[in-house]
Amino acid sequence: MSRTSAPAPADRSGGSERRPDDITLSHGLKQRHLSMIALGGVIGAGLFVGSGTGIAKAGPSIVVAYALSGLLVMFVMRMLGEMSAANPASGSFSVHAERAIGPWAGFTSGWAFWFLLCVAVGLEGIGAAKIMSGWLPGTPEWAWVALFMLVFCGTNLASVKNFGEFEFWFAALKVGAIVLFLGIGALAIAGLLPGTDAPGVSNLTGEGGFMPMGADGFVVGLLASVFAYGGLETVTIAAAESEHPVKGVAKAVRTAMWRIAVFYIGSMAVIVTLVPWDDPQMITKGPYVATLDHLGISGAGQIMNVVVLVALLSAMNANVYGASRMACSLVARGQGPRALGRAPGGVPRTAVLASSLFGFGCVLLSYWRPDDVFLWLLNMIGAIILVVWIFIAVSQLILRRRTEREDPSRLVVRMWLYPWLTWAALLGMATVFFLMAREPGTRTQLYYTGGLTVALAAVGYARQRMGVLERRTG
């Protein structure tokens, strides 16, 4: 047993700074767990299913869209990796925002991310239940969701090692599936797959050209690709409970570039090269199944359904874990109900239960109030990940300068071309917000997410001011 965070540097005023994440958790994750969590974190259901919508709107230019958004994500992960290697903490970016900007920033980013993960648990549970109900007609979807919730709540309640083992094997299956898909795709493109001819560039330049829907279609594809990358942040939360936190997060971040390039950009390139972008199966079956069907590989639909199910269950498991650790970290810093901060045996069981129950509540709302309350929840989480990324970038600008002045030896990972690429990333995020405001389909999400962020910031700032007044009067 040991603390999840390294000692914070001395306060500039000469006093000792309060530990930003003062909570005792077990260090049960091994390096193999962390490596596979990092690998699996970039392969989600959004890639297997959601990318079809982006392809249908952007056409072959979806490859460029994923490359641009992937570059932005690599910058964000590099910034987060720099701060997490210098100060590993289960609260990750929330802790860094609190140290860099103030308690209100840690409160806002942390609870916004907790809310996002809990709603996402419900959404992933619904998706997994639909697959199971399709295999076993007549079985109620809510029963499958309840079963999945019980399983992952139980594994997260037992020990962090259980979470690590589940994610290890889930990630291994996802990585194996994507590598196999890329291998088959490469053979087909080269004309070496039996029964297929090399397609050349006919699907890339035909049917309207490389950007068939123009700039507007490309923008929709770009927005879809940005949000497909969500989930990478969990590895920096998990690193705080690994055997070697600094080494673990440094390794995960340093390999982010090739993982993003191979899994996301490589997949999109294979799909749009082999299959016409306007094939209706891209939406109805998903791009991976559509590609395998196009190549005449029997049983592709059921094989990919298994992989998608695993991706959804993996995301549920990771999000219950991430939400519970974020909540526990916030409580440890005086930013939430004390009951959620209890961690007997190094496991925050109350936080796990609360996060699971909130996620299951979202599932019930999807049945009871799909057109108002549930839709309201979906709109609120629409752009939260961008809000989190902005807090990460601003925190890195401040903490990098402070760490270089106070203890440069802690900079095991360094952001490239600091501060210019950090500012470039912030400009990229602002551009995504601008594009969301232009699109009717995403404008509502922007408003709802903005409302949630402002509300959390107001509560966080009020709590911060009350704390200052209490210290002065005390």
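Remember, predicted model here, so these are calculated numbers, not experimental data.
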Notebook entry, point to check: With distance as the sole test, does T449 use its side chain to make a donor-acceptor pair with the main-chain N or O of L446 at under 3.5 Å?
Noted result: no
Notebook entry, point to check: Roughly how far apart are M436 CE and T431 OG1, rounded to 0.5 Å?
Noted result: 13.5 Å
Item checked: Residues L377, C362; criterion side chain to side chain contact (heavy atoms under 4.5 Å, CB included); working and verdict -> CA-CA 8 Å; L377 289 174; C362 293; 4.0 Å; yes
Checklist line | Minimum heavy-atom distance between P337 and V331, given as atom pair plus value | finding: O-CG2, 3.0 Å
Next item on the list: Decide yes or no for L116 and M380: does some side-chain heavy atom of the first lie under 4.5 Å from some side-chain heavy atom of the second?
Entry: no
Note to self: Can you tell me how far apart CE (M74) and CE (M79) are? Round to the nearest 0.5 Å.
What the structure shows: 12.0 Å
Notebook entry, point to check: To the nearest 0.5 Å, how far apart are OG in S225 and CG in L223?
Noted result: 7.5 Å
Next item on the list: Keeping the roles fixed (side chain from S69, backbone from A65), state whether a donor-acceptor pair exists under 3.5 Å.
Entry: yes
Checklist line | Exercise: identify the closest heavy-atom pair between A128 and L312 | finding: N-CD1, 3.5 Å
Note to self: On a heavy-atom basis, which atom in C118 and which in A323 lie closest, and how many Å separate them?
What the structure shows: SG-CB, 4.1 Å
Next item on the list: Go through the structure and list residues passing ring-ring contact (aromatic ring centres under 6.0 Å, His included) with W114, not counting sequence neighbours.
Entry: W111, F358
Next item on the list: Give the minimum heavy-atom separation between R402 and A100, together with the two atoms involved.
Entry: NH2-O, 3.8 Å
Check: At what distance, to the nearest 0.5 angstrom, does OH of Y367 lie from CD1 of I126?
Finding: 6.0 Å
Margin query: I'd like to know if the side chain of T108 and the backbone of A105 have a donor-acceptor N/O pair within less than 3.5 Å.
Written below: no
Check: Can the ring centres of Y288 and F181 be said to be less than 6.0 Å apart?
Finding: yes
Margin query: I need the full list of salt bridge (Lys or Arg N to Asp or Glu O under 4.0 Å) pairs touching residues 136-150, with sequence neighbours left out, sorted by first then second residue.
Written below: K130-E141
Checklist line | Residue from V275, I184, L182 passing side-chain contact (heavy atoms from CB on, under 4.5 Å) with V270 | finding: L182
Checklist line | L386 side chain reached by F227 side chain, heavy atoms, under 4.5 Å | finding: yes
Next item on the list: If a pair satisfies side chain to side chain donor-acceptor pair (under 3.5 Å) and one of its residues is in residues 417-428, list it, with sequence neighbours excluded.
Entry: Q396-T422
Item checked: H96 side chain vs L80 backbone, donor-acceptor pair below 3.5 Å -> no
Next item on the list: Could you list the residues that satisfy salt bridge (charged side-chain N to carboxylate O under 4.0 Å, His left out) with D293, not counting sequence neighbours?
Entry: K285
Note to self: A side-chain contact here means heavy atoms from C-beta on lying under 4.5 Å apart; do Y448 and Q445 qualify?
What the structure shows: no
Item checked: Side-chain donor/acceptor of R463 to backbone N/O of G334, under 3.5 Å -> yes
Item checked: Within residues 59-87 or reaching into it, pairs that qualify as salt bridge (Lys or Arg N to Asp or Glu O under 4.0 Å) - sequence neighbours excluded -> E82-R400
Check: Would you find a donor on one side and an acceptor on the other, under 3.5 Å apart, between the side chain of S355 and the backbone of V352?
Finding: no
Item checked: Step-by-step side chain to side chain contact (heavy atoms under 4.5 Å, CB included) determination, F218 to V64 -> CA-CA 9 Å; F218 177 76; V64 178; 4.1 Å; yes
Note to self: Would you say the ring centers of F113 and F93 fall short of 6.0 Å from each other?
What the structure shows: yes
Margin query: Is the shortest side-chain heavy-atom distance between P348 and R325 below 4.5 Å?
Written below: yes
Notebook entry, point to check: About how many Å separate CZ of F433 and OG1 of T442, when rounded to the nearest 0.5 Å?
Noted result: 11.0 Å
Next item on the list: Of all the heavy-atom pairs spanning I271 and P287, show the shortest one and how long it is.
Entry: CD1-CB, 3.7 Å
Note to self: Distance check, rounded to the nearest 0.5 Å: M211 atom CE versus W277 atom CH2?
What the structure shows: 12.5 Å
Margin query: Tell me whether R369 at atom CZ has more than 12 heavy atoms from other residues, nucleotides or ligands lying less than 6.0 Å away.
Written below: no
Next item on the list: Please report the C-alpha distance between V121 and L117 in whole Å, then the side-chain angles of each, then the deciding distance to 0.1 Å, and finally whether the side chain to side chain contact (heavy atoms under 4.5 Å, CB included) criterion is met.
Entry: CA-CA 6 Å; V121 166; L117 293 185; 5.5 Å; no
Next item on the list: Could you check if a side-chain atom of L399 sits within less than 4.5 angstrom of a side-chain atom of R99, using non-hydrogen atoms only?
Entry: yes
Checklist line | Side-chain heavy atoms of F75 within contact of L426, under 4.5 Å | finding: no
Next item on the list: Mind running side chain to side chain contact (heavy atoms under 4.5 Å, CB included) on T139 and M132 for me, showing each step along the way?
Entry: CA-CA 8 Å; T139 55; M132 295 302 299; 5.7 Å; no
Checklist line | Any donor-acceptor pair under 3.5 Å from S84 side chain to G81 backbone | finding: no
Notebook entry, point to check: Within the distance-only criterion (no hydrogens, no angle test), does the side chain of N203 pair as donor or acceptor with the backbone N or O of T273 below 3.5 angstrom?
Noted result: yes
Note to self: Show the nearest heavy-atom pair for residues L123 and I381, with the distance to one decimal.
What the structure shows: CD1-CD1, 4.0 Å
Checklist line | Check: V226 and W389 side chains under 4.5 Å, non-hydrogen atoms | finding: yes
Checklist line | Contact list for residues 127-147, test ring-ring contact (aromatic ring centres under 6.0 Å, His included), sequence neighbours left out | finding: none
Margin query: Any non-hydrogen side-chain atom of M149 less than 4.5 Å from a side-chain atom of M316?
Written below: yes
Checklist line | Exam field: side chain N156 to backbone F152, donor-acceptor pair closer than 3.5 Å | finding: yes
Next item on the list: Taking atom types as modelled, find out whether S94 and R333 have a side-chain donor-acceptor pair closer than 3.5 angstrom.
Entry: yes
